[in-house]
Peer 1: 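Sharing a structure with you now.
Each chain gets a letter, A, B and so on, in the order its sequence line appears, and its residues count up from 1.
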Number of protein chains: 2
Amino acid sequence: MTTSPSSRTSARTPTPERRLPGGPVLQDSVTEAIATAFFEELASSGYARLSLEAVAKRAGAGKAAIYRRWSSKLEMTVALASAVAVDAAGEIDTGTLRGDVLAFLTDVAGALRHSLPSRIVPDLLAECARNPELAQALFTAVRDTRRANATRMLERAVERGELPPEVDRELALDLLAGPLYWRLAVIRTPTAPDYLDRLTDKLLAAFTA
Amino acid sequence: MTTSPSSRTSARTPTPERRLPGGPVLQDSVTEAIATAFFEELASSGYARLSLEAVAKRAGAGKAAIYRRWSSKLEMTVALASAVAVDAAGEIDTGTLRGDVLAFLTDVAGALRHSLPSRIVPDLLAECARNPELAQALFTAVRDTRRANATRMLERAVERGELPPEVDRELALDLLAGPLYWRLAVIRTPTAPDYLDRLTDKLLAAFTA
DNA sequence: ACGAGACGGAACGCTTGCGTCTCGACTAGG
DNA sequence: CCTAGTCGAGACGCAAGCGTTCCGTCTCGT
C-alpha cells in the first residue's frame with residue numbers, strides 16, 4: 001500500500017485522534033512514539049543514513065509496527081515531514097508590514113535555533129537535490145504553501161499602502177528568508193539579541209528601494 | 001598517515017604538478033581521476049551514502065589507490081573539498097561597491113547554477129551540522145576565508161566613502177550571500193536574467209539603511 | 001637488465017540494514 | 001469467553017560497503 005499512512009490502525013485505536021501541542025495529527029501512542037523517534041534519528045543520522053531499525057529500537061517498537069503504517073522510508077518521510085511542516089506554517093497578520101516581517105523572522109529563528117529542525121531541514125533540502133520524488137512531495141507541500149503565505153503578507157502591505165504596487169515580490173521573498181536561513185542554518189553563527197530587529201529594518205529598506 | 005594527501009606518490013610521479021583549469025592542485029592522473037570521480041559520486045549520492053568502492057570503480061582505479069592517498073572518507077573529503085573551495089575563492093576588487101557586490105553575486109550564481117556544486121554544497125553543509133570534525137575543517141578552510149574576503153570588500157567600500165564607517169558588517173554579509181543562496185540552493189527556483197542586477201540594487205539600499 | 005613500487009582488479013571476513021516472517025503476549029469487540 | 005488484530009522482539013536471507021590482502025602487470029630510476 002502506498003496511500004494514507006496509519007489507515008490500518010485507525011479503526012481500532014484506543015485514542016482515536018490525539019493532537020500533540022504543535023505537532024502533527026497522530027493516531028495513537030505507538031504512531032506518536034515512532035514519529036518522535038523518526039525525527040530524532042533523522043536529526044542525528046540524516047535521511048541517507050537513517051535506519052528504520054534504529055527508529056524502531058528508539059521508539060521501543062518492532063519493525064513490523066513501522067511497515068504496518070508506511071511502505072518505505074521515502075513515504076514515511078514525506079508523510080511525517082509534510083505533516084509537521086504544514087502544521088507549523090501559521091498565517092501571519094499583525095496589521096503592519098514591519099510587524100509581519102518581524103513575526104515571520106521570529107518564527108523562522110525560533111525553529112532554526114532548535115537542534116532538531118536545524119539539522120533536519122538542511123538535510124532534507126540537500127536530499128531533495130538528489131531525490132526527485134522527495135523533492136516533488138516536499139516542495140509542493142511545504143515550499144509552495146509557505147511561499148504563498150508570504151506572498152499574501154506582501155499583498156496585504158500593498159493594500160495598506162506600505163509597499164508600492166509594483167514591488168518585486170520574488171525578490172522580496174528571497175530577501176525575507178535568505179539572510180536569516182543563511183545565518184542560522186548555513187554558516188551556523190549565533191546572532192545578537194537585536195539581530196532580527198536590525199535585519200527587519202534593512203529588509204524594509206530593501207523592499208521599497 | 002593523516003597528513004598531506006598524495007605524499008607517497010609525489011616523489012615518483014610522472015607529471016609532478018599538473019593544474020587543471022579552475023581545479024585544485026592534483027599530483028598525477030590517477031589522483032586526478034579519483035578526485036573527479038569523488039565529486040561526481042558525492043553529487044549523486046551525498047556524503048553519507050558515498051561509497052569509496054563506487055569512487056574507485058568510476059575512476060577506473062582500485063580501492064587500494066584511494067587508501068594509499070587518504071586514510072578515510074572524512075579526510076579525503078576535507079582535503080579535496082578544501083582544495084577546490086580555497087582554489088575557487090578569488091579576491092574581488094572592481095573599484096566600486098556595486099561592482100564588487102555584482103561580481104560576488106555573479107561568482108556565487110555561476111557556481112550554484114552547475115549541478116555538481118549545487119548538490120555538493122548543501123549536502124556538505126547538512127553533514128557539517130552532524131559531523132563536528134568535518135564542520136571544523138570546512139568552516140575554518142572555507143567559511144572563514146570567504147567571510148574574511150567579503151569583509152575586506154566592505155572595508156574598502158568604507159574607505160572609499162561608499163559606506164558609512166558604522167555599517168553593520170555582520171548583517172551586510174548575511175544579506176550579501178543569503179538571498180541568492182536561498183534562491184538557487186534552497187528553493188531551487190530559476191532566476192530572471194536581470195535578477196542579480198535587481199538584487200544588487202536592493203542590497204545596496206539595505207547596507208546604507 | 002633489474003628491483004621497487006604503484007597500478008587495476010578481485011576476493012577476503014565482517015558489519016549493517018533491508019523487508020519479511022514468526023513467535024507469544026496483550027487487548028478489545030462480539 | 002473467544003477470536004481477530006496489534007503489540008514488541010528478533011531471526012531470516014539478502015545485498016552493500018567496509019578496510020585489507022593478494023595477484024599479475026606495468027613503468028619507473030638506477
Peer 1: Assess whether a salt bridge exists between B:Asp123 and B:Arg49, defined as any Lys/Arg side-chain N lying under 4.0 Å from an Asp/Glu carboxylate O.
Peer 2: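 Result for this pair is no, no salt bridge flagged.
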
Peer 1: What nucleic acid atoms does A:Ile66 come within less than 4.0 Å of, heavy atoms only: base, sugar-phosphate, or nothing?
Peer 2: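 Touches nothing.
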
Peer 1: Give the rounded distance in Å between these two atoms: CG of A:Asp28 and P of C:dT27.
Peer 2: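 After rounding, the gap between these two atoms is 15 Å.
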
Peer 1: Please state whether the rings of B:Tyr181 and A:Tyr181 are parallel, tilted or perpendicular, taking 30° and 60° as the class boundaries.
Peer 2: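 The arrangement is parallel - the two ring planes meet at less than 30°.
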
Peer 1: Quick one: A:Lys73 NZ to C:dG19 C1', roughly how many Å, whole number?
Peer 2: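 Distance check: A:Lys73 NZ to C:dG19 C1' gives 13 Å.
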
Peer 1: Whole angstrom is fine here: how far is it from NZ in A:Lys63 over to P in C:dC21?
Peer 2: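 Answer to the nearest Å: 13 Å.
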
Peer 1: Is there a side-chain contact between B:Arg58 and the phosphate of C:dG8, meaning an N or O under 4.0 Å from OP1 or OP2?
Peer 2: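 No, no such contact exists.
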
Peer 1: Between the side chains of A:Glu91 and A:Arg156, is the shortest nitrogen-to-carboxylate-oxygen separation below 4.0 Å, so that they form an ion pair?
Peer 2: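 Here A:Arg156 pairs with A:Glu91 in a salt bridge, since their nearest N and O are under 4.0 Å apart.
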
Peer 1: How many whole angstroms separate atom CG of A:Leu50 from atom P of C:dT16?
Peer 2: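 After rounding, the reported distance stands at 16 Å.
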
Peer 1: Using whole Å, what does the distance between atom P of nucleotide D:dG19 and atom CD of B:Glu53 come to?
Peer 2: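 Distance, rounded to whole Å: 10 Å.
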
Peer 1: What's the closest nucleotide to the A:Tyr67 side chain, out of C:dC7, C:dT20, D:dC7?
Peer 2: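 My answer, after comparing the listed nucleotides, is C:dT20.
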
Peer 1: Could you pick out which residue, B:Ala54 or A:Ala64, lies toward the 5' side of DNA chain D when each is mapped onto its nearest nucleotide?
Peer 2: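 Looking at DNA chain D, the more 5' nearest nucleotide goes with A:Ala64.
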
Peer 1: Given atom CG of B:Leu74 and atom C1' of D:dG19, what is their separation to the nearest angstrom?
Peer 2: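 Rounded to whole Å, this separation is 16 Å.
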
Peer 1: Between B:Glu155 and B:Arg152, does at least one N-O distance fall below 4.0 Å, as a salt bridge requires?
Peer 2: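 Salt bridge absent between B:Glu155 and B:Arg152.
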
Peer 1: CD1 of B:Ile34 versus C1' of C:dG8: gap in Å, rounded?
Peer 2: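 Those two atoms, CD1 and C1', are 11 Å apart.
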
Peer 1: Taking CG from A:Leu52 and P from D:dA9, how many angstroms apart are they, rounded to a whole number?
Peer 2: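 A:Leu52 atom CG is separated from D:dA9 atom P by 16 Å.
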
Peer 1: Would B:Glu75 and B:Arg69 pass as an ion pair if we require N to O under 4.0 Å?
Peer 2: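 Salt bridge: no.
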
Peer 1: Hey, is the side chain of B:Arg68 poking within less than 4.0 Å of OP1 or OP2 on C:dC7, counting only N and O atoms?
Peer 2: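 Answer is yes, contact under 4.0 Å.
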
Peer 1: Please check the phosphate of C:dT16 (OP1 and OP2 only) for any side-chain N or O of A:Ser51 closer than 4.0 Å.
Peer 2: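 So the side chain of A:Ser51 is outside the cut-off, no N or O lying under 4.0 Å from OP1 or OP2 of C:dT16.
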
